[in-house]
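A note on names: the letters A, B, ... follow the listed sequences, proteins ahead of strands, and every chain is numbered from 1. Heavy atoms only: backbone and side chains are in, while hydrogens, waters and symmetry mates are out.
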Protein chains: 2
Amino acid sequence: MTKLSLTEENYLKAIYFIGGTSNQLVNTNAIAERLNTKAATVTDMLRKLKQKDLIEYQPYKGTRLKLEGKVQAIGILRKHRLWETFLVEKLAFGWEEVHEMAEQLEHIQSAELTERLSAFLGFPEFDPHGDPIPNKEGVFPRRDNVTLDRVSPDTAVMVQGVKDSSTEFLNYIAKLGIQLGDHIAVKSVEEFDRSLVVEHKNQQYRLSALAAANLYIKEL
Amino acid sequence: MTKLSLTEENYLKAIYFIGGTSNQLVNTNAIAERLNTKAATVTDMLRKLKQKDLIEYQPYKGTRLKLEGKVQAIGILRKHRLWETFLVEKLAFGWEEVHEMAEQLEHIQSAELTERLSAFLGFPEFDPHGDPIPNKEGVFPRRDNVTLDRVSPDTAVMVQGVKDSSTEFLNYIAKLGIQLGDHIAVKSVEEFDRSLVVEHKNQQYRLSALAAANLYIKEL
DNA sequence: ATATAAATTTAGGCAAATCTAAAAATGATT
DNA sequence: AATCATTTTTAGATTTGCCTAAATTTATAT
C-alpha cells in the first residue's frame, strides 16, 4: 500500500480504461496517446509500475493491471465519480463541465473523506453521466446496458446515462437539452441509416444511430 | 497569471504566514523550517519566485511577497478555509481533523469551483476555527480581536475562533468540549497566574491564561 | 522468406525539486 | 577591528517525469 504519485495514479487509470473490464493486454502506444505523452515515457513508467508489482509487463508484449493495480484504479474512479456527482448535484455544474475538476479532485488522499462524501451524497450508485460508481470494496452496481438504438418504434424510455462521455458528445446532447432522467419517445426508425425520430420535451427531432447508440436508457 | 506549481503555492503561503499581515521580511531559515525542507532548497525556490516577480528577494537579506504573490497566497488561503468549512459543516468532520485534507484541496484549480463552493456554504466569512475567509477580491472580513483572557469576571461571551490552531490546542479544547458558538461565562480570575474559572455547558472548570489567550470571543 | 513498416525500447538529456557539503556573507563579542 | 558563530548561498548530486533520436523487435506484405 505504498502511496502513489499523481502520475502513477493516472497511468493506472489509463491502463484500466484501455484494458476494459476484461483486463486485456494494453499497448504502450495506446497509453501514450491517452495521456498525451510519448511511448518512451510510458515504457519508463511501466518498468516502474511493474517493479511496484502493480502491473504485469513484458517488453514488446504489452501490460495489464495486477490485482493491486486494479484496486487502485477503481478507487480513483470511485473518487472521480463521487466528486462529479457532488459538483453537479450540490454545486449545480452542468454534467459536461465537471470532468476537468474531477480529474484533480480524484487524487485527494483520504479514505475517510471519500466515504463521508459518498454518505453526504446519499450513497449514489451512478454519477451524473449515468456511469456506475464502484462501492468502497470496488464492486460496481449493475445496470441495464440498453442503448437508445436498440428499442423499437413507439417505445417510451428514460435516459440513464451516456456511453461516450467525450466533450463533443456531451455538448451535442446538452444542445439538444437531453439530461439524465429525461423521457424520450421513439416515434420511428429509418430503415436506411437506422436514424430515429424521437419526441422529447414536446419537440420532435431526428437522432443519428450513432448518437442513439451512445445513450443508455431504461424502457418505461 | 502563470499557473503555479503546487510547490510554488506552498512557498508563497509560507512566506505569507511568516511575514504576517504587515508583510515583514522573511528569513530563508524560517521558510525552510515551516516547509520541513533545507535552507539551500529554499534559496533555489526564492530565486525562481523572484524571477516570476512574485516576491522581493535580495540574497542574504530576506524576502517578502510582492502584490501578485500576496494575491496568490490569499487566494489559496481562501480555498483552504472554504474547504475546511465544507468538511466540517457538510461532512461532519471535527475541526481538528480537517487541516490535512484542506491542505490538498486548497490546490484545486478552478475559480468557478471556489465561488460555487462559497455560495453552497452560504458565503461564510469565518471558517470552523473562526479564522476569517477572504472574499474573492482578497479582502478579509473584520472581527473583534478580543481573546478570553481580556474579559473581566462575570462576563458572558461566545467563542468565535481560536488564535492558536495547533493540533495540540485544538485537541485540548475538543477534550473540554468547547466549540465555536459556545457560550462561556467567566466567573473569576486568579490574581496569581491570571487563570480563570469559567462556566461552560453547566460545568465549572479552570482555564490557564495561555488557553484563554488563544480563544477569540465576542462579549454578549 | 525476406524486406518494409510499425511499435517499442534503449540511450542520453533536460527541468523541477530536493539533498549534502563547502564557501561566503552577516552579525555578535570581546 | 578581528574573530567566532550563525545564516545563507553556491556547487555538485539525486530522483521523478518527461523528451528526442537511434536501435531493436514484432508485424505485414509481397
Side-chain angles (χ1 to χ4, degrees), chain A residues 1-19 24-65 69 72-73 76 103-104 106-107 109, chain B residues 1-19 24-65 69 72-73 76 103-104 106-107 109:
Chain A
M1 282 236 187
T2 332
K3 217 182 334 173
L4 301 175
S5 75
L6 190 144
T7 312
E8 289 168 336
E9 290 196 348
N10 284 333
Y11 274 85
L12 292 178
K13 219 179 26 146
I15 298 167
Y16 178 79
F17 276 109
I18 300 166
Q24 299 284 317
L25 271 181
V26 169
N27 296 329
T28 301
N29 264 347
I31 300 170
E33 195 174 342
R34 194 170 223 278
L35 297 179
N36 285 309
T37 183
K38 294 299 148 71
T41 310
V42 174
T43 301
D44 287 344
M45 182 58 84
L46 292 182
R47 250 202 266 93
K48 189 172 152 197
L49 293 174
K50 177 185 179 154
Q51 207 250 303
K52 291 194 175 192
D53 211 37
L54 294 161
I55 61 172
E56 291 170 28
Y57 167 59
Q58 294 206 263
Y60 297 104
K61 298 300 182 187
T63 185
R64 67 159 53 93
L65 296 177
Q72 294 288 341
I76 299 159
E103 288 282 306
Q104 297 177 60
E106 71 189 1
H107 300 290
Q109 315 261 196
Chain B
M1 286 235 186
T2 330
K3 217 183 330 173
L4 300 175
S5 76
L6 191 144
T7 311
E8 289 168 336
E9 289 195 348
N10 283 334
Y11 274 85
L12 292 178
K13 218 177 30 144
I15 297 167
Y16 178 79
F17 276 109
I18 301 165
Q24 299 284 317
L25 271 182
V26 169
N27 296 329
T28 301
N29 264 348
I31 300 170
E33 194 175 341
R34 192 168 225 278
L35 298 179
N36 285 308
T37 183
K38 295 296 149 70
T41 311
V42 175
T43 301
D44 286 344
M45 182 57 85
L46 292 181
R47 250 202 266 93
K48 190 172 150 197
L49 292 174
K50 179 187 178 154
Q51 207 248 304
K52 292 195 175 192
D53 212 36
L54 294 161
I55 61 171
E56 291 170 29
Y57 168 58
Q58 293 206 264
Y60 296 102
K61 298 300 181 186
T63 185
R64 67 159 53 93
L65 296 177
Q72 294 288 341
I76 299 159
E103 288 283 304
Q104 297 177 61
E106 72 188 0
H107 300 291
Q109 314 261 198

Of the listed dT10(D), dT18(C), dC19(D), the closest approach to the T41(B) side chain comes from dT18(C)
Side-chain contact check for A40(B): nearest option of dT8(C), dT9(C), dA21(C) is dA21(C)
Side-chain contact check for D44(A): nearest option of dT9(C), dC19(D), dT18(C) is dC19(D)
| query | Are OP1 or OP2 of dT20(D) and a side-chain N or O of K38(A) less than 4.0 angstrom apart? | reply | yes
Taken to the nearest whole Å, CE/M45(A) to P/dC18(D) is 6 Å
Atom CD of E8(B) and atom P of dA15(C) are separated, to the nearest Å, by 15 Å
Q: Remember a base hit wins even if backbone is also touched, and classify N27(A) as base, sugar-phosphate or nothing at under 4.0 Å, heavy atoms.
A: sugar-phosphate
Here the gap from E8(B) atom CD to H107(B) atom NE2, rounded to the nearest 0.5 Å, amounts to 11.5 Å
note: E33(A), atom CD; dC18(D), atom P; distance rounded to Å ~ 16 Å
Judged by nearest nucleotide, the residue sitting upstream toward the 5' end of DNA chain D, T7(A) or A30(B), is A30(B)
Taken to the nearest whole Å, OH/Y60(B) to C1'/dG27(C) is 13 Å
Q58(B) atom CD is separated from dT8(D) atom C1', nearest whole Å, by 14 Å
Is it the case that the side chain of T37(B) and the backbone of A32(B) share a donor-acceptor pair, with hydrogens and angles ignored and the cut-off at 3.5 Å?
no
Under 4.0 Å from OP1 or OP2 of dT8(C): is there any side-chain N or O of N29(A) that close?
yes
(message) Please determine whether the number of non-hydrogen atoms from other residues, nucleotides or ligands lying under 6.0 Å from atom CD of E33(B) exceeds 12.
(response) no
Original post:
dT16(D) phosphate, OP1 or OP2: any side-chain N/O from Y11(A) under 4.0 angstrom?
Top reply: no
Notebook entry, point to check: Reckon R47(B) has a side-chain N or O less than 4.0 Å from the OP1 or OP2 of dT9(D)?
Noted result: no
Rounded to whole Å, the CG-P distance (L35(B) to dA16(C)) equals 19 Å
Heavy atoms under 4.0 Å, any strand shown: does T37(A) hit a base, just sugar-phosphate, or nothing? sugar-phosphate
In this structure, CG of L25(A) is separated from CG of N27(A) (nearest 0.5 Å) by 8.0 Å
Atom CG of L25(A) and atom P of dT8(C) are separated, to the nearest Å, by 11 Å
Test item: K13(A) and R34(A) side chains (from C-beta on) under 4.5 Å apart, heavy atoms
no
Checking all strands, does T28(A) fall into the base, sugar-phosphate, or nothing category for heavy-atom contacts under 4.0 angstrom?
sugar-phosphate
Rounded to whole Å, CD1 of I31(A) lies from C1' of dC18(D) at a distance of 16 Å
